[in-house]
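Beneath this line is the structure, given in structure tokens, with notes to follow.
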Amino acid sequence: MTIGDSRVGKSTVLRLLIDLFCTQEKQIKVYDHDTRFKLAAYSEIAPIKSIDFFRGGTDIMVDEFNGNCDALVVDMPGQYLDKVIQYIHKVHLFKLLNDCGWRLTFLHPISHRLDCVEYLEQLLDAFEGLADYIVVKNQYFDKQFSQYHRSGVDQKLITLNGTDAILKELNKYSYETIESLCLPYSAVSKRLEIYSVYRAYTYRWAKSFHNSIINNPIAKNYLGLVEPALNNEYLGIEEDEYNF
């Protein structure tokens, strides 16, 4: 479940994660709780349904807990943390998950802003060891993340067996091109109308994030991923093609 402040990269991280799950041939279902339809480009890769937990969406998820999926992926909207916390307590979500042998992993992107750190701390305080936590430091916004480290919330994350990963900055022209064509990141290399440089940037950016997850034993375990690390075929290209 992606969660956190608005416009910190939740949907971007989730899209990268969908590509990674598909690379490992995981059976997944994706639920979009956001209203901006940022996952639309992935509808041909994985089943995507709109869901609203605040209006009875829990029943849909409970049915899936007893299905054959390896993972259920949910993209939550920003600015609703209090409401999400209340909902999880109200429906006894952790008990439902535990009864079915599932566990909840929060994927929490952060930027340079203090609001992100406060959101994260509120989340950790609300659920402590009941959930797993992966913080994604989005370098589009910052490289140092001084608020995150100065606040001590990074140490609190460690005490709860959480971990963090890096999402490097993607060249803005590459990102804008992908968004304008409504493409999955894994499909970019096959679109020859996109400048080769943009395809190269996107390839390296996605591969870097995937390796940041795969090479992190805690994150890999929480997301149900396996070795070996992804190869170059997930983008349908050879590494040498982008060695300039």
Do [X] and [Y] belong to the same hydrophobic cluster, where Ile, Leu, Val, Met, Phe, Trp and Tyr are linked whenever their side-chain heavy atoms lie under 4.5 Å apart, directly or via other members?
X: Leu183; Y: Leu17; value: yes
X: Leu107; Y: Ile166; value: no
X: Phe209; Y: Val8; value: no
X: Tyr195; Y: Leu181; value: yes
X: Leu170; Y: Leu39; value: yes

Exercise: do Asp164 and Tyr148 side chains pair donor with acceptor under 3.5 Å |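 Yes - a donor-acceptor pair under 3.5 Å links their side chains.
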
For the residue pair Thr2 and Asp75, confirm or rule out a side-chain donor-acceptor distance under 3.5 Å.
->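 Looking only at side-chain atoms, Asp75 and Thr2 do form a donor-acceptor pair, the distance falling under 3.5 Å.
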
Do other residues, nucleotides or ligands put more than 12 heavy atoms under 6.0 Å from Tyr201 OH?
->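 Counting other residues, nucleotides and ligands, OH of Tyr201 stays at 12 neighbours or fewer.
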
State the [atom1]-[atom2] distance between [X] and [Y], to the nearest 0.5 angstrom.
X: Gln144; Y: Lys137; atom1: CD; atom2: NZ; value: 9.5 Å
X: Met1; Y: Lys10; atom1: CE; atom2: NZ; value: 12.5 Å
X: Asp70; Y: Glu25; atom1: CG; atom2: CD; value: 10.5 Å
X: Ile88; Y: Leu96; atom1: CD1; atom2: CG; value: 11.5 Å
X: Gln122; Y: Ile85; atom1: CD; atom2: CD1; value: 4.5 Å
X: Leu16; Y: Lys207; atom1: CG; atom2: NZ; value: 14.5 Å

Between [X] and [Y], what is the shortest heavy-atom contact and its length?
X: Thr163; Y: Asn216; answer: OG1-ND2, 2.8 Å
X: Glu179; Y: Lys38; answer: OE1-NZ, 3.3 Å
X: Thr12; Y: Tyr175; answer: OG1-OH, 3.6 Å
X: Leu120; Y: Val135; answer: CD2-CG2, 3.6 Å
X: Asn138; Y: Gly9; answer: ND2-CA, 4.0 Å
X: Phe145; Y: Asp142; answer: N-OD2, 2.7 Å

Between the main-chain N or O of [Y] and the side-chain N or O of [X], is there a donor-acceptor pair closer than 3.5 Å?
X: Ser151; Y: Gln147; value: yes
X: Thr177; Y: Tyr173; value: yes
X: His149; Y: Asp154; value: no

Find out whether [X] and [Y] are in side-chain contact, i.e. whether some heavy atom of one side chain is under 4.5 Å from a heavy atom of the other.
X: Glu169; Y: Lys143; result: yes
X: Ile110; Y: Phe141; result: no
X: Asn161; Y: Tyr133; result: no
X: Val226; Y: Lys26; result: yes
X: Lys156; Y: Glu121; result: yes
X: Ser186; Y: Ile45; result: yes
X: Leu104; Y: Phe94; result: yes

Run the ring-centre check on Phe53 versus His33 and record whether the distance is less than 6.0 Å.
-> yes

Can you label the angle between the Tyr185 ring and the Trp205 ring as parallel, tilted or perpendicular, going by 30° and 60°?
->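 Plane angle over 60°, so perpendicular.
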
When the ring planes of His89 and Phe127 are compared, do they come out parallel, tilted or perpendicular, using 30° and 60° as the limits?
->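 Plane angle between 30° and 60°, so tilted.
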
Go through the steps to decide whether Val30 and Tyr42 satisfy the test side-chain contact (heavy atoms from CB on, under 4.5 Å), and finish with yes or no.
-> CA-CA 9 Å; Val30 182; Tyr42 279 75; over 6 Å; no

With the threshold set at 4.0 Å, does a side-chain nitrogen-carboxylate oxygen contact exist between Arg15 and Asp19?
-> no

Go through Gln24 and Leu223 one step at a time and tell me if the side-chain contact (heavy atoms from CB on, under 4.5 Å) criterion holds.
-> CA-CA 12 Å; Gln24 298 209 346; Leu223 294 172; over 6 Å; no

